[in-house]
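Below is one structure, written out as structure tokens; the observations come after it.
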Protein chains: 2
Amino acid sequence: MAKRSTTRRTGIADVAKHAGVSHATVSRVMNGNFTVDPVIAQRVRDSAAELKYYPNSVGRSLALGKTDTIGVVVPDLGNPTFQAMLRGVSRAAAKDGYRVLIADSSEVLSEEAILAAEARRRCDGVVLCAPRMSDAELQDLASSLHPLVLINRTIEIENTPSLSADYGQGIQELASYLVGLGHRRLAFLSGPEQSASNRLRVDGLAKFMAEHPEVELQTLAGGVSFAEGHESVDRILASGATAVLAFNDLVAMGLLSGLHEHGVAVPGEISVTGFDDIPFARYTTPPLTTAAVPITELGEAAWERMRSVLQEDEQVSLGTIFSPQVVVRGSTGPVPRS
Amino acid sequence: MAKRSTTRRTGIADVAKHAGVSHATVSRVMNGNFTVDPVIAQRVRDSAAELKYYPNSVGRSLALGKTDTIGVVVPDLGNPTFQAMLRGVSRAAAKDGYRVLIADSSEVLSEEAILAAEARRRCDGVVLCAPRMSDAELQDLASSLHPLVLINRTIEIENTPSLSADYGQGIQELASYLVGLGHRRLAFLSGPEQSASNRLRVDGLAKFMAEHPEVELQTLAGGVSFAEGHESVDRILASGATAVLAFNDLVAMGLLSGLHEHGVAVPGEISVTGFDDIPFARYTTPPLTTAAVPITELGEAAWERMRSVLQEDEQVSLGTIFSPQVVVRGSTGPVPRS
DNA sequence: GCTTTGCGAGAAAACGTTTTCTGAAAGCGT
DNA sequence: ACGCTTTCAGAAAACGTTTTCTCGCAAAGC
């Protein structure tokens with residue numbers, strides 16, 4: 001049983017004794033139950049205040065069968081996108097009296113299922129952001145994780161809402177914008193193969209290419225981080241593309257930095273677009289043209305869904321798709337003459 | 001008592017019945033207690049696997065008197081500095097099997113004490129980052145929050161480690177560097193009055209000025225955010241300073257952006273320094289000269305201290321101060337001739 | 001005056017574990 | 001064969017709440 005430390009914290013029993021009532025009555029008073037005589041209620045409140053009593057939340061959770069906590073699993077707490085999402089979830093949940101337990105898989109794919117399961121054991125539900133987990137594994141996990149809300153996935157699973165941005169549409173709009181500027185040789189600096197949102201981009205581009213036979217597209221392996229964008233500068237230059245669609249803003253910024261070091265003018269010689277519109281995208285040089293994903297709102301919406309599931313609402317909207325918005329800034333321009 | 005949902009989760013009792021042993025034995029097996037006959041142990045494990053049993057962590061917490069969770073209170077989850085700190089704490093704690101519950105006060109000072117107290121009730125300890133809370137309030141709170149670790153505060157409280165960066169030293173080094181470049185008219189774009197780390201900067205600058213009578217320093221009210229830096233550009237230009245020490249990188253970046261809009265060359269006409277070295281500081285135009293605060297390591301160290309306190313180590317180091325490192329980049333240069 | 005109604009508070013069960021204590025069986029030496 | 005220790009598993013208490021059930025008591029109705 002519990003490690004008996006030298007002094008136990010003051011519990012409901014102490015208050016009960018001090019006020020000369022039973023545990024039950026103290027509990028009722030603390031929970032604002034009105035079936036208790038106002039005189040006694042006040043005596044209990046006074047005792048509680050005097051003894052500095054606060055209900056033990058573990059005991060409460062056990063009796064109530066809920067923790068008022070949800071888990072949020074993200075691949076990388078250092079990534080601005082996930083940070084913004086986490087903030088959205090956390091603030092929205094806080095408004096309803098729920099707290100957030102974080103689990104950072106540090107991009108280790110094999111940890112995600114374990115972390116999610118462990119989070120679920122401690123919390124009333126899990127918001128899972130696992131861009132690279134396979135649909136099959138997600139299906140398997142879903143029932144054991146329920147209540148579960150998926151972020152940045154479009155997958156239909158019973159009882160589990162999934163929220164996502166329409167990366168396919170966004171990248172098409174970016175490509176369309178570039179082609180409108182006269183570009184005919186595009187390069188796509190892709191994200192991880194397994195990434196669901198990368199697949200959406202690839203599919204979107206395929207569709208776009210089908211409609212624009214005059215345009216040429218090369219797909220180069222990129223990555224997700226600034227460093228990976230920076231590294232790919234040579235391959236981009238070798239490709240001969242006049243415009244680059246980077247997987248996300250971080251990669252675009254890395255590329256921008258690399259191009260700058262090579263003395264390549266942006267957008268004079270080459271145009272660059274990002275994706276996400278992270279807070280710093282507007283402050284790069286030149287400011288980054290990108291497709292804005294309302295990721296904080298996506299996080300807030302994730303909480304709304306979670307709340308619906310927790311309250312066992314009749315009607316919970318499952319699939320929700322946010323539309324990215326193209327934001328034109330300085331990193332894109334007309335195709336160079338030469 | 002607990003809301004009896006239609007189907008109860010499988011508990012220790014189910015496993016016990018299935019394996020034909022008592023609760024106690026199941027518990028022993030699940031906790032790797034070796035005083036159990038290997039044959040029986042295996043039978044229990046098989047039953048557990050078959051029934052997909054996982055110990056309920058709330059029940060466990062109640063019996064054990066600990067939650068394996070710590071709370072982290074930050075003023076703003078949208079601020080890169082606190083994000084980095086949170087990541088440091090979270091990853092370090094995860095290595096020791098602890099999880100982090102986050103509480104974001106959204107810069108509402110009056111919420112911080114409440115959030116911290118509530119976090120403490122749910123967790124084994126609290127890491128508190130409250131730059132603007134008064135020393136007196138901190139003192140009051142400390143005993144009720146213990147185990148408590150303070151971040152970015154230098155205050156001596158019994159039993160509560162506090163970690164901080166030496167903002168005073170850092171800003172002196174920055175000022176010294178600027179004076180070395182020939183600057184004699186400096187401006188300090190200050191943070192919030194109540195901010196402890198701002199006070200350290202102010203004191204550091206005062207000391208510096210005492211040693212450098214030839215230098216002139218103006219202190220202007222600034223803020224903590226990009227927007228506030230951006231807004232102060234007019235006042236900076238009016239001040240006639242040739243170099244600006246911004247409260248932090250965000251403010252510096254806002255200022256940089258504002259100066260750019262006004263067509264003022266940096267560092268040609270004016271030099272700018274930041275503070276913190278957030279990830280994007282190296283990618284501004286020009287890249288920001290700043291004092292790097294190892295904030296992620298500070299977060300990791302915070303967990304180390306917390307662990308020591310939780311383990312009731314004999315010797316816990318209380319005050320720890322990290323030294324910022326001046327990082328010279330492109331936003332600073334020689335004083336203009338005119 | 002007796003029964004009914006209703007209100008308010010206490011006793012006790014329940015939530016799901018861990019751990020102490022106890023006792024049974026087995027092993028071993030004489 | 002007896003008594004001693006040792007091993008191992010079960011009974012039960014403990015952790016700190018909430019909630020159902022029950023019951024006493026007073027007021028009201030006849």
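All figures in this text were calculated on a predicted structure; none of them were measured in a lab. Order of the sequence lines fixes the chain letters, A, B, ..., with proteins taken first and strands second; residue numbering starts at 1 for each chain.
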Atom pair distance, as rounded to whole Å: [atom1] in [X] and [atom2] in [N]:
{"X": "A:L62", "N": "D:dA14", "atom1": "CG", "atom2": "P", "answer": "17 Å"}
{"X": "B:K17", "N": "C:dG16", "atom1": "NZ", "atom2": "P", "answer": "13 Å"}
{"X": "A:D68", "N": "D:dT17", "atom1": "CG", "atom2": "P", "answer": "15 Å"}
{"X": "B:I40", "N": "D:dC8", "atom1": "CD1", "atom2": "P", "answer": "10 Å"}
{"X": "A:R60", "N": "C:dG16", "atom1": "CZ", "atom2": "C1'", "answer": "18 Å"}
{"X": "A:N33", "N": "C:dC7", "atom1": "CG", "atom2": "C1'", "answer": "12 Å"}
{"X": "A:L64", "N": "D:dT20", "atom1": "CG", "atom2": "P", "answer": "11 Å"}
{"X": "A:F34", "N": "C:dG8", "atom1": "CZ", "atom2": "P", "answer": "12 Å"}

By the 4.0 Å heavy-atom rule, please label [X] as base, sugar-phosphate, or nothing.
{"X": "B:T35", "result": "sugar-phosphate"}
{"X": "B:V36", "result": "sugar-phosphate"}
{"X": "A:V21", "result": "sugar-phosphate"}

Given [options], which nucleotide is nearest the side-chain atoms of [X]?
{"X": "A:I12", "options": "C:dG8, D:dA9, D:dT17", "result": "D:dT17"}
{"X": "A:N56", "options": "C:dT17, D:dT17, C:dA9", "result": "D:dT17"}
{"X": "A:A63", "options": "C:dA11, C:dC15, C:dT17", "result": "C:dC15"}
{"X": "B:H23", "options": "C:dT17, C:dG8, D:dT17", "result": "C:dT17"}
{"X": "B:S22", "options": "D:dT17, D:dG10, C:dT18", "result": "D:dG10"}

Tightest non-hydrogen contact, residues B:P147 and B:R120, listed as CD-NH2, 3.4 Å
Below 4.0 angstrom from OP1 or OP2 of [N], is there any side-chain N or O of [X]?
{"X": "B:T25", "N": "D:dG10", "result": "yes"}
{"X": "A:N31", "N": "D:dT18", "result": "yes"}
{"X": "A:Y53", "N": "D:dT17", "result": "yes"}

Verify, without hydrogens or angle tests, whether A:R153 (side chain) and A:P131 (backbone) share a donor-acceptor contact under 3.5 angstrom. yes
Pair A:Q42, A:D46: side-chain N/O donor-acceptor within cut-off below 3.5 Å: yes
With distance as the sole criterion, is a donor-acceptor pair present between the side chains of A:R122 and A:T69 under 3.5 Å? no
Do A:R28 and C:dG8 share a donor-acceptor pair, side chain to base, under 3.5 Å?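 Donor-acceptor pair under 3.5 Å: no.
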side-chain hydrogen bond (donor to acceptor under 3.5 Å, both in side chains) partner of B:R60, chosen from B:N31, B:T67, B:D68: B:N31
Of A:P38 and A:A24, whose nearest nucleotide on DNA chain C comes first from the 5' end?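 Its nearest nucleotide being more 5', the pick is A:P38.
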A:I155 and side chain to side chain contact (heavy atoms under 4.5 Å, CB included): which partner among A:L318, A:L150, A:T160? A:L150
